[in-house]
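Worksheet for the structure shown next.
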Amino acid sequence: MFDYYNLEPVLMWIHSTMCGLMPEWLAFTIEGIAVGIFIMVMYAVLAIILIYMERKVCAAFQCRIGPDRVGGRGGLLQVPADVIKILTKEIISLKNSDKFLYALAPFLVIMASILTFSCLPWNKGGEILHMNIGIFFVLAASSIGVLGILLAGWSSNSKYTLIGAVRSGAMIISYELSIGLSVLTMVILCGTMDIQEIVAYQENGWNIFKGHLPALMAFVIYLIAGNAEANRAPFDLAEAEQELTAGYHTEYSGMHFGFFYLAEYLNLFITAGIAVTLFLGGWMPLHIAGLEGFNTIMDYIPGVIWFVGKTFFVVFLLMWIRWTFPRLRIDQVLILEWKYLMPLSLLVLVIMTVMKVFGLVF
Amino acid sequence: MSTFKDYINGYAFGIKSLLIGMRTSMKVFMQKKITERYPENRHTTLYIPERHRAMLVMPKDENGNNKCIACGLCQMACPNGTIRITSETRETEDGKKKKFLVKYEYDLGACMFCQLCVNACPHDAIRFSNHFENAVFERDKLILTLNE
Amino acid sequence: MFSLFEIAFYAVALCIIVFSVLAVTTSSILRSATYLLFVLLGTGGIYAILGYTFLSAVQLMVYAGGIIVLYVFSILLTRSSGTMKYKIRRGKMISVLLTTLVGMALVMFILATNGFALNIIPQGVELPVEKIGNALIGTEKYQFVLPFEVMSVLLLACMIGAIMIARKRN
């Protein structure tokens, strides 16, 4: 019933036509380059949209209007103007620092971010990296990012960056546990780690309804831990402006800084996207049992719109949290994880397993 | 056992206070925004309080006369020497000698808006207006002659 | 003509060789850890080429994500003298060379008897996760419940030990 918008036949047709015109290896190479360019473009466009959204939402939470001068009344050209500014800035190099690691660190961060970004299920048949351990790969790939942060902090040879990096490292290693456990809860519910199959499992109802209480708790835990993983307030103590100027990217300028900035916003989007995949049904439309007409209309909306719409909803939730709560201290952050979130997520995991075994989920 | 109870209570209290915080910020999110779009709204919704002191003025009545008697009290009251009064003594019709105001010079660039001059004036001849758009390109233009 | 998988294999293998040599020849300890990271990523890549994506992700998560972070932490939080240029004695040199040669001979022998794994395993097919899971907790032949459980007891012992060391004494 979702086959109006299935991308797989289209992609297969493109591939077979290209194979007819040229040898297979050339077709693969061209397709690979095209997909790579597509990812990069999406990455940049989404970052611009997210930064604009962040500025507008933040303004609204502070009773302001936000950017409204550059580019008409909505301030739509403010962020592109900032992007052009950052592209034209000089990339500085530091004395007495490890130049190679200093230049490498932003690329590690952005590599981890792009790897996880390509695992998101955009539509039926619209997943770029598809493997049967998809969600586990996402967790694994996102753990490389912390290395970039640590290297950035160390190689800048500055006290602020080093403190920021070590804080960030301690925090991300801790919160990876909660993320892993809440993802595992949903993997138990779905019985698979394949992202497309997780989405397909939610055809008759999103996981958050299917798994009711434990799924809801896992969702909240995931949002908190995901916020920490993306280094955003109230967990932004790695770049606490008041204490550390800008934390681990203090010494970076121009596009090197831009990479960290991009990765921060895209990590927000990826966190939201994975949350949507696991809990809110991915690209599945909203169905209400019994309302056939409503369900049919919902089916006509393409999956990619559902996915992006739901993701931006979760992004808004995360921004709501970000602009409401004050920053935590490092000991409070670790206490929250080890004394509150971790036991709770273990409990949720056990509850979910028991319910799945006794068939108490829908 | 009581520590476990404290732990659970801490949980509940934490969640409750977080929810209150989120409700408060959502209220602000829904509120009407208070930002002033300044150059666009200067003729429409811009509101400057009546008592805002932006510039010294000398009100005139319908015949173009002001109430100043050139007594010089405001000049003496001014801590910055902002006001300079030029006056001359003329003989009125009934033979009395009386001071008349010739020029009332006021340097807006040196004024610190303390309102001592207005308080010193015995005839309420001067007051502060809330007209605040006083930017000019040269210092000389800040020296205003109020009685013209 | 090489197939696509062979090209990918040779590229990854070249990466691993270059970065392992760099990891032992560089003079800065943090750079060495970074090169080691690339070697481990390359190993993960080889597993992915073989279709064993589960092990590849484990490699990425445990080694690249976990072990390297611990390495970097210990390097950051300890004092290290900037360079690591040491004089190597002749006897040490000879023993290192001998070990290398023996290891190389072993690998060559295995390759000569069994051939490349790429030629044995069907290409482009992923190993399903259910199979791995059943192998880990099954009790039949070629199933590994005992090592799995022993490993978890070992990890539990490690954790209890860590808590004993870290806990406050009062």
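The chains referred to below are lettered A, B, ... by the order of the sequence lines, with proteins before strands, and numbering in each begins at 1.
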Looking at C:Tyr63, I want to see if its OH is surrounded by more than 12 non-hydrogen atoms of other residues, nucleotides or ligands under 6.0 Å. no
Please check if atom OH in A:Tyr160 has more than 12 non-hydrogen atoms from other residues, nucleotides or ligands closer than 6.0 Å. no
A:Met131, part contacting chain C, at a heavy-atom distance under 4.5 Å: both
Part of A:Ile172 within contact of chain C (heavy atom distance under 4.5 Å): neither
Checking side-chain contact (heavy atoms from CB on, under 4.5 Å) for the pair A:Phe136/C:Val129: CA distance, chi angles, key distance, verdict? CA-CA 11 Å; A:Phe136 185 45; C:Val129 190; over 6 Å; no
What distance do [X] atom [atom1] and [Y] atom [atom2] have between them, rounded to the nearest 0.5 Å?
X	Y	atom1	atom2	result
C:Leu37	A:Leu151	CG	CG	8.0 Å
A:Leu115	C:Leu60	CG	CG	7.5 Å
A:Ile144	C:Met61	CD1	CE	11.0 Å

Would you sort out whether A:Phe100 and C:Tyr35 count as a ring pair (Phe, Tyr, Trp, His ring centres under 6.0 Å), showing the intermediate values? CA-CA 11 Å; A:Phe100 168 67; C:Tyr35 292 132; 5.8 Å; yes
Can you list the steps and then say if A:Met193 with C:Thr53 is a side-chain contact (heavy atoms from CB on, under 4.5 Å)? CA-CA 12 Å; A:Met193 291 205 280; C:Thr53 43; over 6 Å; no
Flag the pair A:Leu147 / C:Thr34 as yes when at least one side-chain heavy-atom distance between them is below 4.5 Å, and no otherwise. no
Please tell me if the side chains of A:Leu104 and C:Phe38 come closer than 4.5 Å, counting only heavy atoms from C-beta onward. yes
Mind listing the closest non-hydrogen atom pair of A:Ala140 and C:Ala57 along with its distance? CB-O, 3.3 Å
Taking every non-hydrogen atom, the tightest pair across C:Arg31 and A:Lys99: NH2-N, 4.5 Å
Under 4.5 Å heavy-atom distance to chain A, tell me which part of C:Val62 shows up: side chain, backbone, both or neither. neither
